[in-house]
Amino acid sequence: NILNGDELGDENGNGIPDYVEVNNGDPTEELEIFDILTPNGDGLNDVFTIRGIQNFPNNNLKIYNRWGVKVYDVDGYGQGDNFFRGYSDGRVTIARDDRLPVGTYYYVLSYVDSNGNRKEKAGPLYINRR
């Protein structure tokens, strides 16, 4: 529920950006990672949303295509303007700033929790441009 990456979604109008609101799925989880990205400008899921990531600024996010080519790599994901919007960060075969095609990608998120422990989460991310 991120509008277009410039402003943050607030679907229920309570003044709190949706990505910051309490995780209603599993309150024991530090992060809630959404596995779909629809960068079509409709204001919903236009960026890769990781709810709660703002609480863990010491993080790194890498995204790979299905052949294992890294298409995105950033330190401090969710801080400032560090959001994945479905464009290549530019490595080997994918040119920088190229719009990535529809399909399944894979993310690897590493972060340091509040106790100083390094944690890692990984999984699929589907990009759909409809």
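Reckoned from all heavy atoms, side chains included, excluding hydrogens, waters and symmetry mates. Index from 1, following the sequence. Model, not experiment: these values are computed from the prediction.
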Could you grab the distance from atom [atom1] of [X] to atom [atom2] of [Y], nearest 0.5 Å is fine?
X: Leu125; Y: Ile63; atom1: CG; atom2: CD1; answer: 5.5 Å
X: Phe56; Y: Leu31; atom1: CZ; atom2: CG; answer: 5.5 Å
X: Ile53; Y: Gln79; atom1: CD1; atom2: CD; answer: 7.5 Å
X: Arg85; Y: Leu100; atom1: CZ; atom2: CG; answer: 13.5 Å

Applying side-chain contact (heavy atoms from CB on, under 4.5 Å), run through Asp35 and Tyr107 and close with a yes or a no. CA-CA 9 Å; Asp35 62 359; Tyr107 68 86; 5.7 Å; no
How close do Arg129 and Pro39 get, counting heavy atoms only, and between which atoms?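 Arg129 and Pro39 have their closest heavy atoms at NH1-CG, 3.2 Å.
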Which heavy atom of Asn82 sits nearest to which heavy atom of Tyr72, and what is that distance?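 Scanning both residues, the minimum pair turns out to be C-OH, 4.1 Å.
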Other cluster members, Val108 - Ile/Leu/Val/Met/Phe/Trp/Tyr, side-chain contacts below 4.5 Å: Tyr64
Taking side chain to side chain contact (heavy atoms under 4.5 Å, CB included) as the definition, give me every residue that meets it alongside [X], ordered by chain and number, with sequence neighbours left out.
X: Asn128; answer: Thr38, Tyr126, Arg130
X: Pro124; answer: Thr104, Tyr106
X: Val112; answer: Asn58, Arg118

Please identify each residue that fulfils side chain to side chain donor-acceptor pair (under 3.5 Å) with Tyr111, with sequence neighbours left out.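 In terms of side chain to side chain donor-acceptor pair (under 3.5 Å), with neighbours along the sequence ignored, Tyr111 is linked to Glu30.
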Sequence neighbours left out, what passes side chain to side chain donor-acceptor pair (under 3.5 Å) with Asp75? Give chain and number order.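 Only Asn60 meet the side chain to side chain donor-acceptor pair (under 3.5 Å) criterion with Asp75.
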Is a side-chain donor or acceptor of [X] paired with a backbone partner of [Y] at a separation under 3.5 angstrom?
X: Tyr77; Y: Phe84; result: yes
X: Arg66; Y: Gly103; result: no
X: Asn65; Y: Trp67; result: yes
X: Arg51; Y: Phe34; result: no

Evaluate the side-chain proximity of Asp73 to Lys62: yes if any heavy-atom separation is below 4.5 Å, no if none is.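 Yes - at least one pair of side-chain heavy atoms lies under 4.5 Å apart.
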Side chains of Tyr105 and Leu37 in contact at under 4.5 Å (non-hydrogen atoms): no
